[in-house]
> 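First the structure, then my questions, so here it is.
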Amino acid sequence: MWGFILYLIGGIISSVIGIVVLDSKTPIIKKMIGVVFFLGLGSVLLKNAWESGKTIFGG
């Protein structure tokens, strides 16, 4: 259960950070690296939350 909650919170926070980096005034290369990293991390964490949620809630 805790894994599901941590994955979900981590995925949402990483996705929000990726969107904030995209909106920042940093150089384009740093912006692209940050967006790919944080949105990629967010999507992996949200996928793990989905898988552990299916296990917990029997889906």
Side-chain angles (χ1 to χ4, degrees):
M1 181 69 170
W2 285 108
F4 168 72
I5 293 170
L6 291 175
Y7 282 138
L8 186 65
I9 291 171
I12 291 170
I13 289 173
S14 293
S15 298
V16 168
I17 290 173
I19 293 169
V20 168
V21 167
L22 183 63
D23 195 40
S24 67
K25 295 183 188 217
T26 57
I28 191 72
I29 296 297
K30 288 183 181 178
K31 189 182 293 189
M32 292 308 293
I33 291 171
V35 167
V36 167
F37 176 75
F38 284 112
L39 289 181
L41 179 65
S43 67
V44 168
L45 290 172
L46 289 173
K47 181 184 130 335
N48 287 344
W50 176 261
E51 294 297 325
S52 64
K54 285 195 311 189
T55 303
I56 292 170
F57 300 116

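These values consider heavy atoms only, across backbone and side chains, with no hydrogens, waters or symmetry-generated copies.
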> Sequence neighbours left out, what passes side-chain hydrogen bond (donor to acceptor under 3.5 Å, both in side chains) with T26? Give chain and number order.
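With sequence neighbours excluded, T26 shows a side-chain hydrogen bond (donor to acceptor under 3.5 Å, both in side chains) to S24, given in chain and number order.
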> Applying side chain to side chain contact (heavy atoms under 4.5 Å, CB included), can you list everything that pairs with L6, at least two apart in sequence or on another chain?
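Side chain to side chain contact (heavy atoms under 4.5 Å, CB included) list for L6, sorted by chain: empty.
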> Applying side chain to side chain contact (heavy atoms under 4.5 Å, CB included), name anything that partners F4, two or more places apart in sequence or on another chain.
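Side chain to side chain contact (heavy atoms under 4.5 Å, CB included) check on F4 returns L8, A49, S52, I56, F57.
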> So which residues get pulled into V44's cluster when ILVMFWY side chains under 4.5 Å apart are joined, directly or through others?
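Joined to V44, directly or through intermediates: none.
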> Is there a side-chain contact between I12 and L45 in this structure, where contact means two heavy atoms from C-beta onward sitting under 4.5 Å apart?
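With C-beta onward as the side chain, the pair stays apart.
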> State yes or no: do I5 and I13 share one hydrophobic cluster built from I, L, V, M, F, W and Y residues joined by side-chain heavy-atom distances below 4.5 Å, directly or via other members?
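Yes, I5 connects to I13 through the hydrophobic network.
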> Tell me, which pairs form a salt bridge (Lys or Arg N to Asp or Glu O under 4.0 Å) where one or both residues lie in residues 35-51, sequence neighbours left out?
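Passing the test, one end in residues 35-51: E51-K54.
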> In residues 36-43, what donor-acceptor pairs under 3.5 Å come from side-chain atoms, sequence neighbours left out?
from	atom 1	to	atom 2	distance (Å)
S43	OG	L39	O	3.4
S43	OG	G40	O	2.8

> Going by side-chain heavy atoms closer than 4.5 Å, which hydrophobic residues are tied to W50, directly or by a chain of links?
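W50 shares its hydrophobic cluster with no other residue.
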> Could you give all pairs that pass the side-chain hydrogen bond (donor to acceptor under 3.5 Å, both in side chains) test and reach residues 7-22, with sequence neighbours left out?
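Those involving residues 7-22 do not exist here.
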> Looking at I19, D23, I17, which one forms a side-chain contact (heavy atoms from CB on, under 4.5 Å) with V21?
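Result: among I19, D23, I17, I17 is the only option passing the side-chain contact (heavy atoms from CB on, under 4.5 Å) with V21.
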> Tell me, please, which residues at least two apart from L22 pass side chain to side chain contact (heavy atoms under 4.5 Å, CB included).
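With sequence neighbours excluded, L22 shows a side chain to side chain contact (heavy atoms under 4.5 Å, CB included) to K31, V35, given in chain and number order.
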